[in-house]
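Read the structure below first, then the notes.
Order of the sequence lines sets the chain letters (A, B, ...), proteins ahead of strands, with each chain counted from 1. Computed over heavy atoms, backbone and side chain alike; hydrogens, waters and symmetry mates excluded.
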Protein chains: 2
Amino acid sequence: MILQTRATDRPSPPIRPEPARRLNPLERGLVLRLLTGFGNPPVKLILWNGEELCASAEPIAAVVRVPDRPSLLRMFVDPYRFFGDAYADGHVDLTGDLVQLLERIYRSSGDAAPNPRRWLRRNRNTVSGSRKNIHHHYDIGTSFYRLWLDSQLTYTCAYFPDESTGLEDAQIAKMDHVCRKLRLRPGERVVEAGCGWGSLALHMARRYGVKVQAWNISTDQVSHARQRAREEGLEDRVEFIQDDYRNIAGSFDVFVSVGMLEHVGTENYRSFGGIISRCLTSAGRGLIHTIGRHRPMDFNKWMDSRVFPGAMIPSLSEMMQVFEPNNLAVLDVENLRLHYALTLRHWLTRFEAAADTIAEMFDDRFVRMWRLYLAGSMAAFTTGWTQLYQVVFNRFTDNQVPLTRAHLYREP
Amino acid sequence: MILQTRATDRPSPPIRPEPARRLNPLERGLVLRLLTGFGNPPVKLILWNGEELCASAEPIAAVVRVPDRPSLLRMFVDPYRFFGDAYADGHVDLTGDLVQLLERIYRSSGDAAPNPRRWLRRNRNTVSGSRKNIHHHYDIGTSFYRLWLDSQLTYTCAYFPDESTGLEDAQIAKMDHVCRKLRLRPGERVVEAGCGWGSLALHMARRYGVKVQAWNISTDQVSHARQRAREEGLEDRVEFIQDDYRNIAGSFDVFVSVGMLEHVGTENYRSFGGIISRCLTSAGRGLIHTIGRHRPMDFNKWMDSRVFPGAMIPSLSEMMQVFEPNNLAVLDVENLRLHYALTLRHWLTRFEAAADTIAEMFDDRFVRMWRLYLAGSMAAFTTGWTQLYQVVFNRFTDNQVPLTRAHLYREP
């Protein structure tokens with residue numbers, strides 16, 4: 001329920017009868033122009049007065065009902081939020097597959113790239129803001145995530161040695177891929193920023209014999225992770241700290257962060273890199289795994305207001321602000337975009353299989369909202385609107401690096 | 001000889017007798033402060049009046065004679081050019097290895113990083129400026145380069161599967177590594193920007209069966225490359241075009257550029273990327289291999305004025321201006337810094353073995369200048385002051401990419 005109503009959001013407007021005045025030519029023209037700006041998606045709008053509007057010559061894949069004139073205005077001011085909320089509210093009827101529709105929309109808006117200018121940001125990632133933002137998404141009950149994530153609750157892009165790899169194996173392969181890139185040696189000290197439910201921290205300690213300090217501000221996740229450490233008898237090797245990454249201190253051989261940079265905010269990249277640099281030994285190395293963009297772009301506003309408040313996904317040039325001002329050198333960047341599309345296909349399939357249970361836990365609106373988030377994310381990865389970067393780095397002066405990357409691909 | 005005298009350079013000042021006035025305390029303080037700013041290198045200055053200055057407590061590794069007061073002033077205005085020219089002019093006496101001395105200087109100036117601000121640039125890379133800049137370095141006689149490069153005259157970083165690989169094999173391994181990253185298929189059309197003496201273009205055609213159009217503005221290099229294509233009977237598959245990369249047109253499956261971005265200039269990156277984007281098919285892909293920095297930094301002024309006029313080596317954030325504004329997505333970045341240190345060790349060894357011959361071809365000053373350039377480059381790579389990036393990219397919408405990089409490391 002927490003995802004539905006936030007203090008700062010207006011409830012979606014009820015459908016109320018209005019005089020059936022038709023749009024005048026100017027209004028009609030503006031609506032069609034907006035649709036054209038999105039590349040003429042195969043979508044038909046049905047207005048409160050029964051009027052129908054469509055800019056596409058292709059077969060219609062979605063009908064969107066616009067309940068009243070204020071909604072039409074909102075569509076202009078903020079089309080992403082309008083369509084997102086319309087879907088969640090049940091005002092959208094689909095004739096086909098949601099992922100395919102969204103892919104068509106993404107592809108057709110190819111050259112009409114969203115404006116790269118940053119709008120005034122809500123949900124800023126101050127220390128208290130981050131806590132609120134993280135709580136909003138991650139603290140809605142581990143039992144919900146258990147319904148559609150893998151058994152270890154790894155809520156980040158998996159790694160598929162081939163397409164037929166199952167989700168469980170692909171999540172383990174991802175963790176091993178990360179650990180190999182980090183060249184973990186038994187006894188080393190690792191700090192992890194943003195550890196989710198603890199799967200990577202526990203994996204590193206269990207399989208690579210390192211000591212891990214894992215940071216996270218999500219209360220649900222940390223308590224679950226501690227429970228798992230106790231059950232596995234790994235408490236002496238994995239310490240879960242419920243605190244903000246900004247408070248990380250001490251000295252470590254390895255820094256790792258998988259799927260947290262999205263919550264840091266570009267304005268904090270330089271200081272984030274400063275924290276990494278201060279805590280790494282002279283031969284220390286690190287890895288950041290994050291969703292990214294091929295060019296600087298706004299985060300989808302519907303996602304920012306409903307799903308991931310405060311999230312921001314960087315292009316590589318933006319991401320370099322973590323490293324360059326802090327004398328960290330990039331050793332390796334791998335783009336795993338298509339792996340996230342595969343991961344999301346697994347999640348979406350599991351999510352749909354559990355939809356009735358989820359509707360009972362929350363309600364139908366919640367199910368639709370999360371379906372749209374997962375399907376939209378999958379479409380964004382298949383169409384290239386989002387990327388997945390794994391970046392390995394060290395101090396620019398350190399020469400203790402393997403000559404080639406062949407060791408990543410040798411049988412263990 | 002062409003490297004010694006350029007119209008815009010003053011000839012190095014002759015040593016002429018001057019009144020033996022000692023530096024006053026202010027002057028002395030300024031000199032010592034300059035040395036401290038460079039991290040107190042183990043260098044002693046001997047002035048025209050016999051006075052000795054040293055800021056280091058370590059054993060002295062180099063003695064630099066300052067022939068007159070104007071030279072002292074020049075040392076303040078432009079220390080890199082002062083030391084570079086002093087070495088070339090024979091005013092520097094070394095007690096040890098040049099590479100090790102330069103490594104010590106690079107390492108000791110660790111936190112005293114050069115100012116990232118760009119100074120007013122000379123030798124700009126306009127179409128005519130580029131021709132002049134390239135001519136200055138590459139058109140001084142292929143017979144010279146033949147003395148110390150590999151047999152195929154590959155004048156870029158090699159790839160060493162292990163440290164003991166010889167230079168010849170490592171250059172072939174580099175070309176294969178590039179070709180594998182590009183996933184060349186027989187019959188595909190490849191455009192190469194900046195092809196040197198043609199080794200990669202010929203290798204791609206010979207071993208991978210592609211058709212290559214290779215661009216270069218160096219007259220010596222192109223005529224040598226054409227000769228080789230004729231000798232090998234590859235003229236129908238490799239076309240060498242003596243023209244500026246800005247005139248590349250047509251449609252290609254693959255774009256490749258190895259060691260040319262250094263001559264493009266950051267101000268031209270966006271338009272360079274535009275050229276790439278226009279000439280690539282929808283499933284086209286490309287690779288740029290370039291010397292880089294871990295953070296934005298000025299190019300060494302001595303190198304700019306004496307060795308590589310107009311050269312500029314980018315940080316990754318700067319390099320992203322090639323890709324991001326042109327809707328190209330980065331798939332893979334590999335940092336091969338230590339491979340360039342190994343390559344330079346080979347080149348330097350061969351260069352030293354041929355030093356007498358080279359002195360006869362040119363003169364002693366030329367030999368010292370090139371020794372400093374090669375040794376300084378090697379020291380810059382071993383200490384991390386320069387990096388080597390190979391960046392693979394495609395259109396952000398293209399999904400025809402292998403899931404993993406394992407194919408790069410399989411036995412052929």
Side-chain angles (χ1 to χ4, degrees), chain A residues 106-107 110-111 113 116 159-163 165 173 177 292-296 315-321 323-339 341-342 382-385 387 389 391-399 401-410, chain B residues 106-107 110-111 113 116 159-163 165 173 177 292-296 315-321 323-339 341-342 382-385 387 389 391-399 401-410:
Chain A
Y106 273 121
R107 288 211 178 96
D111 290 328
Y159 179 76
F160 296 81
D162 60 80
E163 281 202 34
T165 308
H177 199 50
R293 296 283 200 189
H294 74 284
R295 64 188 298 170
S315 75
L316 278 177
S317 69
E318 292 175 315
M319 200 177 166
M320 290 305 125
Q321 287 308 304
F323 309 111
E324 294 186 357
N326 293 298
N327 278 328
L328 299 169
V330 169
L331 297 174
D332 181 14
V333 179
E334 184 175 16
N335 187 337
L336 296 170
R337 167 169 74 85
L338 294 175
H339 293 256
L342 292 173
T382 55
T383 57
W385 284 87
Q387 314 286 323
Y389 300 121
V391 180
V392 183
F393 58 91
N394 69 346
R395 294 192 183 284
F396 83 100
T397 47
D398 175 36
N399 287 351
V401 288
L403 260 189
T404 78
R405 305 182 299 201
H407 66 100
L408 301 179
Y409 301 95
R410 261 178 230 126
Chain B
Y106 273 122
R107 287 211 179 94
D111 290 328
Y159 179 76
F160 296 81
D162 61 79
E163 282 202 33
T165 307
H177 200 49
R293 296 283 200 190
H294 75 284
R295 62 188 299 169
S315 74
L316 278 178
S317 70
E318 293 175 314
M319 200 178 166
M320 290 305 124
Q321 287 309 302
F323 309 110
E324 293 186 356
N326 293 298
N327 279 329
L328 299 168
V330 169
L331 296 174
D332 182 13
V333 179
E334 184 174 16
N335 187 336
L336 295 170
R337 166 168 75 85
L338 294 174
H339 293 257
L342 292 172
T382 55
T383 56
W385 283 88
Q387 314 286 321
Y389 299 122
V391 180
V392 183
F393 58 91
N394 69 347
R395 295 193 183 284
F396 83 101
T397 46
D398 174 37
N399 286 352
V401 288
L403 259 190
T404 78
R405 305 181 301 200
H407 65 101
L408 300 178
Y409 301 96
R410 262 178 229 126

May I ask you to decide whether D398(B) forms a salt bridge with R337(A), counting only side-chain N to carboxylate O separations under 4.0 Å?
no
Going from CG on L331(B) to OH on Y389(A), what distance comes out if it is rounded to the nearest 0.5 angstrom?
9.0 Å
Out of curiosity, S317(A) OG to Q321(B) CD, how far, rounded to the nearest 0.5 Å?
6.0 Å
dist R295(A):CZ -> N327(B):CG (nearest 0.5 Å) comes out at 4.5 Å
Using non-hydrogen atoms and a 4.5 Å limit, figure out which bit of F323(B) sits close to chain A: side chain, backbone, both or neither.
neither
I'd like to check D332(B) versus V333(A) (side-chain heavy atoms, cut-off strictly below 4.5 Å). Are they in contact?
no
Which pair of non-hydrogen atoms, one from N399(B) and one from T382(A), has the smallest distance, and what is that distance?
ND2-O, 2.8 Å
Sort Y159(A) into side chain, backbone, both or neither according to what part of it lies under 4.5 angstrom from a heavy atom of chain B.
side chain
N335(B) side-chain N/O to A329(A) backbone N/O, donor-acceptor pair under 3.5 Å:
no
Can you name the closest pair of heavy atoms from R405(A) and L408(B) and give their distance?
NH2-CD1, 3.7 Å
What part of P402(B) lies closer than 4.5 angstrom to a heavy atom of chain A: side chain, backbone, both or neither?
neither
Parallel, tilted or perpendicular: ring planes of F396(B) versus H294(A), cut at 30 and 60 degrees:
parallel
First locate atom CG of L336(A), then atom OG1 of T404(B), and finally report the distance between them rounded to the nearest 0.5 Å.
9.5 Å
Heaviest contributor of heavy-atom pairs below 4.5 Å to chain A, chosen from V330(B), T397(B), L342(B), V401(B), is V330(B)
Taking the side chain as every heavy atom from C-beta outward, state whether P296(A) and E324(B) have any pair of such atoms under 4.5 Å apart.
yes
Less than 4.5 Å to any heavy atom of chain B: does that hold for the side chain of E334(A), its backbone, both, or neither?
both
